[in-house]
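Shown next, in structure tokens, is the structure this report addresses.
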Amino acid sequence: MLQIHNSLTNRKELFQPIVSGEIRLYVCGMTVYDYCHIGHARVMVVFDLVVRYLRHLGFKVIYVRNITDIDDKIIHRAAQNGETIGALTQRFTSAMQEDALALGVLPPDQEPRATDSIPLIQSMIEKLITSGYAYQAPNGDVYYDVSRFTHYGRLSGKQIADLRAGARVEVMEAKDDPLDFVLWKTAKPEEPAWDSPWGAGRPGWHIECSAMSTAALGNHFDIHGGGADLQFPHHENEIAQSEAATGEPFVNVWMHNGFVRVDDEKMSKSLGNFFTVREVLKHYSAEVLRFFIVASQYRSPLQYSNQNLDAARAALTRLYTALHGIPRAAPQASDFTTRFQAAMDDDFNTPEALAVCFDLAREINRARNEDAHHAAVLAGELRYLGGLLGLLQGDPDQFLHSTGTLSVGSALRDEDIETAIADRKAARKAKDFAASDRIRDELKRQGVVLEDRPGGTTTWRRE
RNA sequence: GGCUGAGUGGCAGAGUGGUCAUGCAGCAGCCUGCAAAGCUGUGGACGUCGGUUCGAUUCCGGCCUCAGCCUCCA
């Protein structure tokens, strides 16, 4: 029985879909004005694996992840670069999709863009004004009246009074209350704008997610996810807007993933301590990066460091070594699958699920010389379970022959290695172990490790 | 100041009221020409002070430390 930690109640809860057998899921995606960093990668990987697992359980999942392609930062960055907003957002949307693909993140079922959703957004704002939840200020901006929404603060565990007391919100004359947030921003000259009943302008950030999610998934849907930094105010505001506009409950389960940290601090643009996905992929393979993310539970902080990526690579090498040299056989669900599912059912406990994979790998290693068929079936199971995490789908030989950490400099070509191995084989046959060891040492020096197998064959891997 | 969350062996990282996490690293044995890989065995931990309990790393309370949110942020 699947349990998910719900940020709304701050507890693990038994998951019950609204419509039996079907799950509607919305995740806040990227604002496309720069390359994705590892924090963005984590959101994509985490919810990808949530979707994969839910589908494995037999649910029909409708997964929507939006693209924010209009906001202040985009406008500023485009101006800075001297390019159009459309060119900028198109460029970084493509970059984001490339990064996702590299990380083995399956595309969402729908990927709506804010700028394609203006009519939806306007109609929601219209409803909020009509029902008295929003007002147009003298400066033309339209604001949401937070005091009208009685449940405001429920998701983030905040009291309106406390928020006011500790308000660090910029004082804006136009607002009735500093906590009110903007739904429609009047355009300044030079800024992109859409016509509206409230004058030319553009949507505020929060409203787009309310409009796009309810349009795609209905007024009331199952799961809404995103990074923990979106819990307040973004998600809080989404609830306020959506529930006020539709008169229905918005979302049953809120999921928030933890931050990626660098030196015990949150990785973020403002701190400048971020690593982009494409930067990291120059040094580590995408599967290693993905393993690194999966090796922590999604709500825990994730400590980014080369040391931890190296550890991820070593661990992944062990799994691929177990699969190496074993023919593919159809998987059978055994006790390992039961344990794996129990782990995943417990709020997607991927570290525990990986532990099961390692136990399975040991079992394969035990069986491989005793009972080849059994080993093959277990290997099939390991591959299947790994697939639920988006791992272990590659060819073991290929993984072991690649460095995993993509080393720079003069790497030996595969053919050179094969030639050296043939030379060494001849030397061994002639019992010239000094020559044999010389070849092995030289390869080792260049980062290639040899492994002599029973039967006289030699396999190799890069370290 | 308000509100969250966290402190586990050399490192990473799960979990549990009393018997094994898991991976890397260490040690010993088997295997090997020697290695590597693998297998077997093994040492090593639960921030701190109290409380509850036959028994707490696990429950409760205080304290210390760290991170996050309260402003754009995945």
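Below, chains carry the letters A, B, ... as their sequence lines are ordered, and counting in each starts from 1.
For A:Arg366, taking side-chain heavy atoms from C-beta onward, the closest of the listed nucleotides B:rA74, B:rU40, B:rA37 is B:rU40. Side-chain proximity of A:Asn365 to the nucleotides B:rU22, B:rG38, B:rC24 is greatest for B:rG38. Comparing atom distances between the A:Ser436 side chain and each of B:rC39, B:rA74, B:rG33 picks out B:rG33 as nearest. The side chain of A:Glu352 lies closest to B:rG15 when the candidates are B:rG15, B:rC72, B:rG13. Here B:rC73 is the nucleotide among B:rA14, B:rA36, B:rC73 with the atom lying nearest to any side-chain atom of A:Ser268. Closest contact between the side chain of A:Phe259 and the listed nucleotides B:rG23, B:rA74, B:rC34 involves B:rA74. In this structure, the nucleotide among B:rG33, B:rG23, B:rG2 sitting nearest to the side chain of A:Lys158 is B:rG2. Each of B:rA74, B:rC70, B:rG13 was ranked by its minimum atom distance to the side chain of A:Pro233; first place goes to B:rC70. Of the candidate nucleotides B:rG23, B:rU22, B:rC34, B:rC34 has the atom lying nearest to any side-chain atom of A:Asp452. Listed nucleotides: B:rG13, B:rA74, B:rU40. Nearest to the side chain of A:Gln303: B:rG13.
Residue A:Gln231 is classed as having no contact, given no heavy-atom separation below 4.0 Å to the nucleic acid. Note on A:Gly39: a base of the nucleic acid sits closer than 4.0 angstrom, heavy atoms only. Across all strands, A:Phe358 comes closer than 4.0 Å only to sugar-phosphate atoms, never to a base (heavy-atom distances). Nucleic acid contact for A:Gly29: sugar-phosphate only, since backbone atoms but no base atoms lie under 4.0 Å from a heavy atom of the residue. Residue-level contact check: A:Arg261 touches the backbone only, with heavy atoms under 4.0 Å from sugar-phosphate atoms and none from bases. Counting any heavy atom pair closer than 4.0 Å across all strands shown, A:Arg42 reaches no nucleic acid atom. If you check every strand for non-hydrogen atoms under 4.0 Å, A:Ala355 touches a base. Backbone-only contact: A:Gln307 has heavy atoms under 4.0 Å from sugar-phosphate atoms and none from a base. Among the protein residues, A:Asn349 comes within range of the sugar-phosphate backbone only, with heavy atoms under 4.0 Å from sugar or phosphate atoms but none that close to a base. No engagement by A:His234 is indicated, since no non-hydrogen atom pair under 4.0 Å with the nucleic acid exists. As judged by a 4.0 angstrom heavy-atom cut-off over every strand, A:Val356 is placed among residues making no nucleic acid contact. Residue A:Asn308 is in sugar-phosphate contact alone, with no base atom involved, counting any heavy-atom pair closer than 4.0 Å across all strands shown. Base contact: A:Arg424 has a heavy atom under 4.0 Å from a base atom. Note on A:Leu230: only backbone sugar-phosphate atoms sit closer than 4.0 angstrom, heavy atoms only; bases stay farther off.
Outside the 6.0 Å centre-distance limit, the rings of A:Tyr26 and A:Tyr63 are not counted as a close aromatic pair.
Among residues two or more places apart in sequence or in another chain, the salt bridge (Lys or Arg N to Asp or Glu O under 4.0 Å) test is passed with A:Arg318 by none.
Put simply, the side chain of A:Lys266 and the base of B:rC73 share a donor and an acceptor less than 3.5 Å apart. For B:rC39, its base never sits under 3.5 Å from the side chain of A:Arg362 at any donor and acceptor pair. For a distance-only test at 3.5 Å, the side chain of A:Arg428 qualifies as a donor-acceptor partner of the base of B:rG33. Looking at A:Asp162, its side chain has no donor and acceptor atom pair within 3.5 Å of the base of B:rG1.
In the displayed structure, A:Arg154 atom CZ is contacted under 6.0 Å by at most 12 heavy atoms of other residues, nucleotides or ligands. Within a 6.0 Å radius of CD in A:Gln159, no more than 12 heavy atoms belonging to other residues, nucleotides or ligands are found.
Nucleotides B:rA56 and B:rA45 have their C1' atoms positioned 14 Å apart, rounded to a whole Å. Across B:rC31 and B:rU40, the matching C1' atoms stand 11 Å from one another, rounded to whole Å. B:rC24 sits 7 Å from B:rG38 when the P atoms are compared, rounded to a whole Å. Rounded to whole Å, the P atom of B:rA37 lies 7 Å from the corresponding atom of B:rA25. Between the C1' atoms of B:rU58 and B:rG10, the separation comes to 24 Å (whole Å). Straight-line distance between the P atoms of B:rA74 and B:rC20: roughly 44 Å, to the nearest whole Å. Nucleotides B:rA21 and B:rC46 place their C1' atoms 13 Å apart, quoted to the nearest Å. Using atom P as the reference point in both B:rG15 and B:rG68, the two lie 23 Å apart (nearest Å).
B:rA36 atom P lies 9 Å from atom NZ of A:Lys444, rounded to whole Å. The interatomic distance linking A:Trp254 (CH2) with B:rG5 (P) rounds to 19 Å, in whole Å. Note: CZ (A:Phe433) to P (B:rU32) measures 13 Å, nearest angstrom. For A:Tyr33 and B:rC73, the OH to C1' distance is 7 Å, given to the nearest whole Å.
For the pair A:Asp141 (side chain) and A:Lys185 (backbone), a donor-acceptor distance under 3.5 Å is absent.
With respect to the salt-bridge test (charged N to carboxylate O, under 4.0 angstrom), the residues A:Arg440 and A:Asp437 qualify. Ion pairing between A:Asp335 and A:Arg339 fails under the 4.0 Å rule for side-chain N and carboxylate O. In this structure, A:Asp177 does not pair ionically with A:Arg148, as no charged nitrogen and carboxylate oxygen lie closer than 4.0 Å.
Checking A:Gly157 against A:Leu316, the closest nucleotide of RNA chain B that is more toward the 5' end is the one next to A:Gly157. Mapping A:Ala311 and A:Ala295 onto RNA chain B by nearest heavy atom places A:Ala295 closer to the 5' end of the strand.
At least one side-chain nitrogen or oxygen of A:Asn10 sits closer than 4.0 Å to the OP1 or OP2 atom of B:rG5. In this model, the phosphate group of B:rU22 is not approached by any side-chain N or O of A:Arg318 to a distance below 4.0 Å at OP1 or OP2. A sub-4.0 Å separation between OP1 or OP2 of B:rC72 and a side-chain N or O of A:Thr31 is absent.
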Quiz item: Step by step, would you call A:Glu451 with A:Arg453 a salt bridge (charged side-chain N to carboxylate O under 4.0 Å, His left out)?
Solution: CA-CA 6 Å; A:Glu451 291 169 10; A:Arg453 305 260 159 219; 2.8 Å; yes
Quiz item: Please walk me through it: do A:Gln303 and A:Asp264 pass side chain to side chain donor-acceptor pair (under 3.5 Å)?
Solution: CA-CA 7 Å; A:Gln303 193 64 243; A:Asp264 280 329; 3.2 Å; yes
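For the pairing with A:Leu2, the side chain to side chain contact (heavy atoms under 4.5 Å, CB included) check across A:Asp347, A:Leu54, A:Leu14, A:Asp346 returns one residue only, A:Leu54.
The strand RNA chain B forms stems, runs of 3 or more Watson-Crick or G-U wobble pairs with distances below 3.5 Å, at B:1-7 with B:64-70, B:10-12 with B:22-24, B:26-30 with B:38-42, B:47-51 with B:59-63.
Under the 4.5 Å side-chain criterion, counting only non-hydrogen atoms from C-beta, A:Ile239 is in contact with A:Phe149.
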